[in-house]
Novice: 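Next up is a structure, given as structure tokens.
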Amino acid sequence: MTTDISQADGAASPADSGQQTPPFRYDADMAGRIERKWQDVWEQAETFHAPNPGEPGSERPKVYLMDMFPYPSGSGLHVGHPLGFIGTDVLGRYLRMTGHNVLHPMGFDAFGLPAEQYAVQTGTHPRATTEANIARYRAQLRQLGLAHDPRRSVATTDIEFYRWTQWIFREIFEAFYDTDAGRARPITELRAEFEAGTRAVPDGRAWSSLDEPARREVIDGHRLAYISEAPVNWCPGLGTVLANEEVTADGRSERGNYPVFRRSLKQWKMRITAYADRLADDLDRVDWPESVKAMQRNWIGRSEGAQVRFRTAGGAEIEVFTTRPDTLFGATYMVLAPEHPLVEKIAPTAWPDGVDERWTGGAATPSDAVAAYRTAAGRKSELDRQENKDKTGVFTGAYATNPVNGEQIPVFVADYVLMGYGTGAIMAVPAEDPRDWDFATAFGLPIIRTVDPGENWDGGAFTGVGPMINSANDEISLNGLGVTEAKRAIIDWLAARGAGDAVVQYKLRDWLFSRQRYWGEPFPIVWDEHGPIALPEDQLPVVLPDVDDYAPRAYDPADANTEPEPPLGRAVDWVSVELDLGEGPKTYRRETNTMPQWAGSCWYYLRYLDPENSDRFVSREAEKYWIGKDTARSAQDPGGVDLYVGGVEHAVLHLLYSRFWHKILFDLGHVSSEEPFHKLFNQGYIQAFAYTDTRGLYVPAEEVTEGEDGGFTWNGEPVTREYGKMGKSLKNVVTPDEMCDRYGADTFRLYEMYTGPMEASRPWSTRDVVGPQRFLQRVWRNLVDENSGEIRVSDDEPDETTLRALHKAIAGVHQDLPALHYNTAAAKLIELNNHLTKSGGQVSRPVAESLVLMLAPLAPHIAEELWQKLGHDETLAYAPFPVADERYLVADTVEYPIQVNGKVRSRITVAADAGQDEVKAAALADEKIVAELGGAEPRKVIVVPGRLVNVVK
RNA sequence: GCCCUCGUAGCCCAACGGCAGAGGCAGGCCCCUUAAAAGGGUCACAGUGUGGGUUCGAGUCCCACCGAGGGCACCA
């Protein structure tokens, strides 16, 4: 079937290597020839095509392995990118050899800013750039020998792919969240309920009294994808709005680092908040790193508490959210956020008599004070608010009544209360909240302790637990209760009086889903005079039109008072469209926003399962087979990809969004699984040193030398070393292409897997790559004559020590590979090979074959070549992985170290099957131990079978 | 400020609570070589960030501190 190119071409190769190098040495050239050969063989033989259910091979237990797909950037891959890909590949190859049907696909997250920005600069269509980059990535990945199923490679920019992205959007648009049922349902069912009168219109109007536009407005207000006029993150520098997740803590864009402003704009949103509970709760059902779960929980930010209503003297009601309703007796003032709508309504015309001067901000009237404060707060950037935690604020002039004790408490406006969280208003309890304590101290407000901090407490606000005090009125007393009971009691009391209810609050906001960009999925939406309408399924895909100018209108990055203007708006012929959507031909206006980059990655793992399907985004059978719930795993198993490997940087964004979409698809009955990713693994990063000269400019890292004093120089000049990312601008990029040229892909793979455990970040060190290369060279030399290229194994039985070394290695590797401990697996193979090298002579065939098979997941090309040389016609990709024979794992005799008080003092050798008493007796009879004890009886003797003996004096 | 990781030889990293070293890099010496090395062999190098505690026994478990990396940050 295949030719043996290492021999055919081998004879020609020595001319270009050193004169004395044997002609069949495993060097970079040889490796390159072997690797290209096997990559072609695998492709032609369709070795890694994974069968779908019903196809031959699908009866084997399935495993779905996936990497987070890359964005195909113009600069290509550097050595850091494939770390996870190789790790997944090694596991996949191991699992194939242990009888599994392994699906390991790869695709491209190809919509995004860089291609668009390049298009803006050069006029090149983003599709041209994107496809060229994808081709480059494919070639780079292919040369690494990754066992992907090539039929299943998808790109989010493929029209056949984004057709289904639009279809899913459509499903989301055509659904609402039924809070009673706790799941999404089709919007048609909502309409039917309104029509039948089984569901009340939220504002109490009768459905029959509404005209069609009004009805549509009610319906649109329930959709999971909806338009809202709400404060959003507007980034004039990018000319687009951004999701909360895309804005950094200091109020700038994650991409480009431009200022971001809060502006009220009409935008598309997705109702992810409806799923807040399920997104938080179901984290308990997936096998993810605790750190990632913690980040998601933190982002969702569920907190349980109460809403409490305070009546003001003017009759207005201020509703607050608090997690500590138990401390209500200690509420001595209230605070509204500067943007709170009640601020101006409650402010009276004049200050009350004797108002504290600190409260007025020096203004003549409450309205002046409030207006001035609001203006000042609005001018402050997020960064200012964050960095300056000194409490500022001003009295509104109004008082509200504390419902538990009738106290009149002053209402302030202060920017330490945020409009975006809870109700934008708080009851302030300085005794139990440090922020309120600071404010109360600054403004001279009373502080009443309601939780007993204990005698030794001399600090400020007490947030710990303790018995309640000072908390009683005529009807209820919380005094003496613990926090939990006090909360329950006061909520019941408030609820009975109509002054409050138990509520749950979330930090999570609805997901801003529209962007003013060209290079993204168009919405499958058209507008008529009343609002948005989803295009019927049969009119998908909505293909991106060609435009002359790819740029959104960008502005002075600092000018907040600008409006987003999407590039698709300029495709006037496309925007205006005549359609018959059931009311006869009519002109509609297309939606000109595009979807954010996250859209495609929300569901790509489903498309891999059935990439050619033109009837459905994925067939039910394929979805069930590959990611369906596995009750054998656990009763509550939510299903999902068996292993998803990628960087921790997606902990919140991508992983939360795709969970959200998956749950909608589940609710609507389109998938059987409830979670997209069953097990998540975060690989570490390959990092690199970078060097700057005295002017602070980066110099080529490759050319820097280390002096004996530990200092670094470049061209004789001293340079300073930094450690961090690999990047073009840092002049420290190393590419896999270079490594394949200089050492071969197998060496490169082994190096990446060997330098540390998968989850660990570590520095790149080109210098160290020779280690794995030497190892492969030695394996080759042990099995192949470097002068003739002939295999040289013996048919003699292996000796006892070799068998022991072999089976010890098998047992170890068998354990390490599925646990992703590739570094220790490789070490065990090196150890075994070192043993073979030292033994000298020819390696016996069964030992050679086992070694080659065990090497195959890590270094597949050289393993295939050796396997073929050993006389096998078939690929080893599905050959059975060696199994250790217990006989060679147990020794006849065991050496026990003998400790006296935990320190090793002697050693004895006893038969492996010796009982504990025998071992103990032998230990105590040892002359060194007898001397140590000096005739005294040991207090205690601990025998750990097979391990050691510890004598306690 | 809070939360999560992680500190073992010059470097990268191993070590079910049981003899601190599996492996690699770099280094020394020897062999091969006219010479060289990405060839072969061999040798040395740490007591596990610091201080306590639990234990017969701690790199491993607990507490505090120091250092590095990451996440969150006026979220009521």
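Chain letters run A, B, ... following the sequence lines, proteins first, then strands; residues in each count from 1. Worth saying up front: this structure is predicted, and the values here are computed from it rather than measured.
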Novice: It should be established whether Tyr421(A) places a side-chain nitrogen or oxygen under 4.0 Å from OP1 or OP2 of nucleotide A76(B).
Specialist: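 Yes, Tyr421(A) has a side-chain N/O under 4.0 Å of OP1/OP2 on A76(B).
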Novice: Side-chain N or O of Asn823(A) versus OP1/OP2 of A14(B): is the shortest distance under 4.0 Å?
Specialist: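 Result: yes.
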Novice: Applying a 4.0 Å non-hydrogen cut-off, can you work out what Asn834(A) is touching in the nucleic acid: base, sugar-phosphate, or nothing?
Specialist: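 Touches sugar-phosphate only.
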Novice: Does Arg297(A) place a side-chain N or O at less than 4.0 Å from the phosphate oxygens OP1/OP2 of C3(B)?
Specialist: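 Checking Arg297(A) against C3(B): no side-chain N or O falls below 4.0 Å of OP1 or OP2.
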Novice: Across the strands shown, which category fits Gln505(A) at heavy-atom distances under 4.0 angstrom: base, sugar-phosphate, nothing?
Specialist: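 The residue Gln505(A) makes no contact with any strand.
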Novice: Report the relative orientation of the aromatic rings in Phe412(A) and Phe439(A); use parallel for angles under 30°, tilted for 30 to 60°, perpendicular for over 60°.
Specialist: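 Because their plane-to-plane angle is over 60°, the rings of Phe412(A) and Phe439(A) count as perpendicular.
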Novice: For Gln899(A), which contact category applies under a 4.0 Å heavy-atom criterion: base, sugar-phosphate, or nothing?
Specialist: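 Base contact - Gln899(A) has a heavy atom under 4.0 Å of at least one base atom.
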Novice: Within the 4.0 Å heavy-atom criterion, would you say Leu948(A) contacts the bases, only the backbone, or no part of the nucleic acid?
Specialist: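 Since a base atom lies under 4.0 Å of Leu948(A), the category is base.
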Novice: By the 4.0 Å heavy-atom rule, please label Arg939(A) as base, sugar-phosphate, or nothing.
Specialist: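 It contacts nothing in the nucleic acid.
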Novice: Is the closest side-chain donor-acceptor distance between Asn823(A) and Thr755(A) under 3.5 Å?
Specialist: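 The criterion, which ignores hydrogens and geometry beyond distance, is not satisfied for Thr755(A) and Asn823(A).
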Novice: To the nearest angstrom, how far is Tyr685(A) atom OH from C6(B) atom P?
Specialist: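 After rounding, the reported distance stands at 17 Å.
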Novice: What does Arg25(A) touch in the nucleic acid at a heavy-atom separation under 4.0 angstrom: a base, only the sugar-phosphate, or nothing?
Specialist: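 The answer is sugar-phosphate, as Arg25(A) gets under 4.0 Å only of primed atoms, P, OP1 or OP2.
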Novice: Go through the side-chain N and O atoms of Tyr373(A) and Thr392(A) and say whether any donor and acceptor fall under 3.5 Å apart.
Specialist: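 Checked: Tyr373(A)/Thr392(A) side chains pair up, N/O donor to acceptor below 3.5 Å.
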Novice: Quick one: is Arg774(A) getting a side-chain N or O under 4.0 Å of the G39(B) phosphate, OP1 or OP2?
Specialist: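 True: Arg774(A) side-chain N/O within range (under 4.0 Å) of G39(B) OP1/OP2.
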Novice: When the C1' atoms of A9(B) and C25(B) are considered, how many whole Å apart are they?
Specialist: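 To the nearest whole Å, 13 Å.
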Novice: Paired with G1(B) by Watson-Crick or G-U wobble geometry, both distances under 3.5 Å: which nucleotide is it?
Specialist: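 Because both required distances fall under 3.5 Å, G1(B) counts as paired with C72(B).
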Novice: I'd like to know if the side chain of Ser906(A) pairs up with that of Tyr896(A) as donor and acceptor (distance under 3.5 Å, no hydrogens or angles considered).
Specialist: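 Judged by distance alone, the side chains do not pair up.
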Novice: Between C45(B) and A20(B), how far is it from one C1' atom to the other, in whole Å?
Specialist: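 Per the computed distance, 14 Å lies between those C1' atoms.
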Novice: Ring centroids only, cut at 6.0 angstrom: are Phe443(A) and Tyr333(A) within range, meaning strictly under it?
Specialist: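 Not under 6.0 Å, so no.
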Novice: Using Watson-Crick or G-U wobble geometry with both distances below 3.5 Å, tell me the partner of C25(B), or none.
Specialist: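 Base partner found: G10(B).
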Novice: Under the 3.5 Å rule, do the base of C56(B) and the side chain of Asn950(A) count as making a donor-acceptor pair?
Specialist: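 Under the 3.5 Å cut-off, the side chain and the base do form a donor-acceptor pair.
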Novice: Distance check needed: G70(B) C1' versus Glu759(A) CD, whole Å only.
Specialist: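 Checked: the CD to C1' distance equals 15 Å.
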Novice: Look at Ser303(A) and A76(B) and indicate whether a side-chain polar atom (N or O) is within less than 4.0 Å of OP1 or OP2.
Specialist: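 So the side chain of Ser303(A) is within the cut-off, an N or O lying under 4.0 Å from OP1 or OP2 of A76(B).
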